[in-house]
Protein chains: 2
Amino acid sequence: MFELSQVRCFVAVAEELHFGRAAARLNMTQPPLSRQIQILERILSVKLLQRGNRLVRLTPAGQSFLTEARLILKLTESAALLARRVAEGKAGSVNIGFTAASSYSYVPELVAACRQQLPDVELILKEMVSGDQLKRLGAGEIDIGLLRPPIPRTGLQFFRVKAERMIAAVPAGHKLAGATTIDLRDLAAEPFITYAPYEARYFHDLLVELFSRAALAPVYVQHLAQIHSILAIVQAGVGVALVPEAAEKLQFRGVALRPLADDQQRAAELYFVWRDDNDNPLLPVIAAIARDLAGA
Amino acid sequence: MFELSQVRCFVAVAEELHFGRAAARLNMTQPPLSRQIQILERILSVKLLQRGNRLVRLTPAGQSFLTEARLILKLTESAALLARRVAEGKAGSVNIGFTAASSYSYVPELVAACRQQLPDVELILKEMVSGDQLKRLGAGEIDIGLLRPPIPRTGLQFFRVKAERMIAAVPAGHKLAGATTIDLRDLAAEPFITYAPYEARYFHDLLVELFSRAALAPVYVQHLAQIHSILAIVQAGVGVALVPEAAEKLQFRGVALRPLADDQQRAAELYFVWRDDNDNPLLPVIAAIARDLAGA
DNA sequence: CTATTTGATCCAAAATTGGTATCGGACCAT
DNA sequence: ATGGTCCGATACCAATTTTGGATCAAATAG
């Protein structure tokens, strides 16, 4: 197969249509240039140039190859440039796992900030529950996880990007919707819709802890994993629920969202997590963006 | 700049993730392979591979470069293949000049036949009058001309692809439209629309000859160059005209086309012309197609 | 702790590359 | 015609680069 140097030789000759001038442009002498072109022609088994004694012309095959050759050279340059940009953390792609709940409030801002500051970076977003994210992080299938505690210490680094309170969700016409805040005790007296203990373990456990600390035992009428499902059920009047603040972003009609009156609750946390041996140059860059966003 | 051999080395290592196996695949030993990769990395000033002592991994930059490298290699192969196909006359492009009149009857068939038999060939069609075609042929700006006589002998080759008679064009409601054929004498008695002596010299001269041989001197009411313009004027009732048979393809409404009764006329000829030193491998192929078409 | 595996390094031999000198054909002016 | 000039091809030589075998160093597995 031919070499890029030969391609460069050919393009020079094809553009100058003169071996001597082309050689000068390539900082070499004419004889080796002639040889390189001959070798290229032999490799392709195609005559690229018609040498008349006073002029050099492109054959049709040469014309076609010239077009392709220019493309190849452009591509090699851009490939080199891209690799360098990736190494500098200015381009490339990152696989990001995120929980369904984080897609309402944190992920959009993060994606927006990245697109603005790193326009050439491709963010590959994959929704999955926290447990799966930890597994995928370990396998190197995602670079970044946006997930809920607990986070094992084994080779992972992380920082908190969000801590949000749970707020009450009641049907719009419900008697509790009248007040600006809702007492946890009042809420617990209603039929209560809560999180599935496995698929949405973090919220499930959070609520269990919340109620048990307040010595309350609400009547659970439904277990669900997704926030929008819960809001839909609330809207239908089946019961009330506690959802993270981010639910406000959903603009769910027919559901009133009210903060709790006596708010001693532990916040629902979201963490930015990555393997400390992940060498993707984008990681520190995106981590910095994520941290800025969390701070603001 | 780097060389394609280095790209091939890198792709092999990136795919095997093992220098020894990659070297075997490349029919070389491991040490020069290691060195080539190092050189490539130094040229790009980017680390492409993460060498752990028991395993080789791609860095993100390497991942990006691998994608591009595969593309580059594909492109080089296809460029070589394409050049070979062009040299064989199976691909490439041809510049073809043609007269406006030929676009009604011969050019469409030729293009259709080429597209079918030479699907990878690009036909670049340029409408121009015969004189311009001869000029462009001389300058090498078109490979093929489809034009009217006379053709100078200087370095050109040609053969006839079409000989068509002139037929009468009269307004649909005209008294002459009733008969299946029209006598030249009757036609000459009407206001006669004919061809511009310069832009459409061939048809102009043809008609001058036709009428003078019949000892007729029609009254010319208009000079025009384009057949469709002439038909439009005929349709408007300004006069009658003689147009090549190909005009029937135009399906011009409001105009009746009738053959001449006493048809001793010299046919209007169209020639396929090329420079005998044109080395485009497609020329003989397309000439053969054109000849077949003319014979049929 | 040893055997094995893996990539890096060293070195001599071989191949490739680039340069100088020269050739051969064609065009040009005299 | 004829000598001069231009241009690409060829021959040959020197320098560099590449190659591959031997070896090394590090790390893992048993």
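Residue numbering restarts at 1 for every chain, and letters A, B, ... go by the order of the sequence lines.
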How many Å lie between CD1 on Ile37(A) and P on dT10(D), as a whole number? 14 Å
The side chain of Arg51(B) lies closest to which of these nucleotides: dG8(D), dA9(D), dG7(C)? dG7(C)
Length of the CG-C1' vector between Leu33(B) and dG7(C), whole Å: 10 Å
Relative to each other, are the rings of Phe159(A) and Phe272(A) parallel, tilted or perpendicular (30° and 60° limits)? parallel
In whole Å, what is the span from the CD atom of Glu16(B) to the P atom of dG7(C)? 11 Å
Whole angstroms only, please: what is the CD-P distance between Glu41(A) and dG8(D)? 13 Å
Using heavy-atom distances to pick each residue's nearest nucleotide on DNA chain C, tell me which of Pro32(B) and Gln6(A) is more 5'. Pro32(B)
Does a nitrogen or oxygen in the side chain of Gln38(A) sit under 4.0 Å from OP1 or OP2 of dT10(D)? yes
Between C1' of dT4(C) and NE2 of His18(B), the distance in whole Å: 12 Å
Validation row: Val13(B), Phe19(B) side chains within 4.5 angstrom (heavy atoms): yes
Given atom CG of Leu40(A) and atom C1' of dT17(C), what is their separation to the nearest angstrom? 16 Å
From the candidates dC10(C), dG8(D), dT19(D), the one with an atom nearest any side-chain atom of Arg35(B) is dT19(D)
The side chain of Phe19(B) lies closest to which of these nucleotides: dG7(C), dT9(C), dT17(C)? dG7(C)
When the distance from CG of Leu55(B) to C1' of dT28(D) is rounded to whole Å, what number comes out? 12 Å
Write down the distance between CD1 (Ile39(A)) and C1' (dA9(D)), rounded to a whole number of angstrom. 13 Å
Using the rule given for salt bridge (charged side-chain N to carboxylate O under 4.0 Å, His left out), can you reason through Glu15(A) versus Arg25(A), listing the C-alpha separation, both sets of side-chain angles and the distance that settles it, and then say yes or no? CA-CA 11 Å; Glu15(A) 285 177 358; Arg25(A) 214 175 82 179; 2.9 Å; yes
Counting only side-chain nitrogens and oxygens, does Ser34(A) get under 4.0 Å of the OP1 or OP2 atom of dA9(D)? yes
Note: for Gln30(B) and Gln36(B) on DNA chain D, the residue whose nearest nucleotide lies more 5' is Gln36(B)
Within the structure provided, determine whether Asn95(B) and Arg136(B) are in side-chain contact (heavy-atom separation under 4.5 Å). no
Electrostatic pair Arg8(B)-Glu3(A), nearest N-O below 4.0 angstrom: yes
